[in-house]
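See structure below.
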Number of protein chains: 2
Amino acid sequence: MSLKYSILGLLHYQPMHGYRIKEHIEQNFGHMWSINYGQIYPNLKKMKDEALISMNEEICQGEKGPPRKLYTITDKGRAEFQRWLAESPERGMLLRDPFLMRFVFFDFGEDERSLELVDEQIQSWENQLARRYANLARWEGAGVYVRLMAELGVKTNEVLLAWLKEARQEIAAEAGLESRENVTAFLKTE
Amino acid sequence: MSLKYSILGLLHYQPMHGYRIKEHIEQNFGHMWSINYGQIYPNLKKMKDEALISMNEEICQGEKGPPRKLYTITDKGRAEFQRWLAESPERGMLLRDPFLMRFVFFDFGEDERSLELVDEQIQSWENQLARRYANLARWEGAGVYVRLMAELGVKTNEVLLAWLKEARQEIAAEAGLESRENVTAFLKTE
DNA sequence: CCTCTCATGTAAGACGTTACATGATTCA
DNA sequence: TGAATCATGTAACGTCTTACATGAGAGG
């Protein structure tokens, strides 16, 4: 389980409560982790029991909002994190994408519907790319590694998009379907 | 659960038994799916019960090797697959990589150890790239989508590698560490 | 005969998701 | 007062991993 280590890593920046941790992970590791309360709270409890983090119940300390539990990383937590960080990473990359999962089987589907799904995906990845540019700007002043990571996010997204747009052309040609733009151009010259 | 649909997709090519399905998924979707027998056999059983696939126990039909169970996709299975294939994909991409997971926290680690891990990863991704080039060649005659998918595999891998090599330079500079090559070069001119 | 690979399977437990329950604070 | 948001939590369920058990055939 490496959600544990994501949490320990995050707590290096500042003490946080569960709700905030979830927000951070969703914003910063959203493409790596899909997180939910059913994971976060039991994990925090377990990590507290193992003394990797400590909790102090700040009831309305900041005066605003409902009572929350602030978690701080302990020395034991830091040590455990360092041990993990210096380890050679285990098994390889997992890239699981529901679109790509289907794409690889589009040879067995209807080309017209495939093109629709491709267009939806182009839109979706364009939105994602915009969000990643925003991230890049937001982490301008952060550490080297965080910045490099944000750059990777942009780069992989750009490759994905470029590939899918090229693919679209090829699929449309193969299927004998014209893109809306080409059809319009054709009608104009007619 | 979309392992189900991967299996239904694979069975469009030819009838297969569990062991072979696992091999295929590992080779062709290895970067998407990590699969094991604890998943494959219960799934096949369940899918057979739902009549999405049918099984005939070919005991030494091919004469070679131990008895195996050949699964064939049924019409119901094809219909279910078509329904899934034409659906708009659900939630987005999940890219979970144990190296990248650590990388984003290297600001809290020792630069020297980080560089070692980066070098290990460059090696690992170079090996992976070689395998993906091989895949690309192997699927020359396959359908458009399969070929495009293989091309994406190569492209993303290339971006990852290029990024990590650039990152390595930056990290080494930042840490004031020379690469072994540079040190050697220095000693030679001395 | 012994070992390796091919092949099928199960059981226990770790991990993840969904849905729900609870309650405080904020703002209209 | 009622709705939205912030915040914590749990229970049930589903999925995935690990480890093990079994056994046939191939080749030295």
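The figures here come from the full heavy-atom set of this structure, side chains too, leaving out hydrogens, waters and symmetry mates. Here is how names work: the chains are called A, B, and so on, in the same order as the sequence lines, proteins then strands, and each is numbered from 1.
B:Gln39 has a side-chain polar atom (N or O) that falls below the 4.0 Å cut-off from OP1 or OP2 of D:dT17. For D:dG25, neither phosphate oxygen OP1 nor OP2 lies less than 4.0 angstrom from any side-chain nitrogen or oxygen of B:Arg68. At least one side-chain nitrogen or oxygen of A:Ser34 sits closer than 4.0 Å to the OP1 or OP2 atom of C:dT17.
Aromatic ring orientation, B:His17 versus B:Tyr19: parallel (interplanar angle below 30°, classes split at 30° and 60°). The aromatic rings of B:Trp125 and B:Trp163 sit tilted, their planes meeting at an angle between 30° and 60°.
Between the CE atom of B:Met55 and the C1' atom of C:dA7 there is a distance of 13 Å, given to the nearest Å. We find that CG of B:Leu3 is positioned 10 Å from C1' of D:dT15, with the value rounded to whole Å. Distance A:Lys4 NZ to C:dG16 P: 13 Å, rounded to the nearest Å. Atom C1' of nucleotide C:dT8 and atom OH of B:Tyr37 are separated by 9 Å, given to the nearest angstrom. Atom CD1 in B:Ile35 sits roughly 13 Å away from atom P in D:dT18 (whole-Å rounding). One interatomic measurement links the two molecules: NZ of A:Lys46 to P of D:dT10, which rounds to 15 Å at whole-angstrom precision. Whole-Å rounding puts the A:Leu94 CG to D:dT15 P distance at 16 Å. Rounded to whole Å, atom P of C:dG9 lies 13 Å from atom CG of B:Asn43.
Checked for salt-bridge contact, B:Glu151 and B:Arg147 meet the test: a charged N lies under 4.0 Å from a carboxylate O. Ion pairing between A:Glu158 and A:Lys155 fails under the 4.0 Å rule for side-chain N and carboxylate O.
Taking the side chain as every heavy atom from C-beta outward, A:Leu164 and A:Leu160 never approach each other to under 4.5 Å.
Two residues, B:Tyr71 and B:Arg96, neighbour DNA chain C, and the one matched to the more 5' nucleotide by heavy-atom proximity is B:Tyr71.
For B:Asn36, the listed nucleotide lying nearest its side chain is D:dT18; candidates were C:dA24, C:dT17, D:dT18.
Between B:Phe105 and A:Phe81, the distance separating the two ring centers is shorter than 6.0 angstrom.
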Hey, can you pull the donor-acceptor pairs under 3.5 Å for the side chains in residues 23-30 of chain A, sequence neighbours left out?
| unit_1 | atom_1 | unit_2 | atom_2 | d |
| --- | --- | --- | --- | --- |
| A:Glu23 | OE1 | A:Arg20 | NH1 | 2.9 |
| A:His24 | ND1 | A:Arg20 | O | 3.4 |
| A:Glu26 | OE2 | A:Lys22 | NZ | 2.9 |
| A:Gln27 | OE1 | A:Arg138 | NH1 | 3.2 |

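Contacts between residues 13-29 of chain B and DNA chain D, defined by a heavy-atom separation below 4.0 Å, involve no residue at all.
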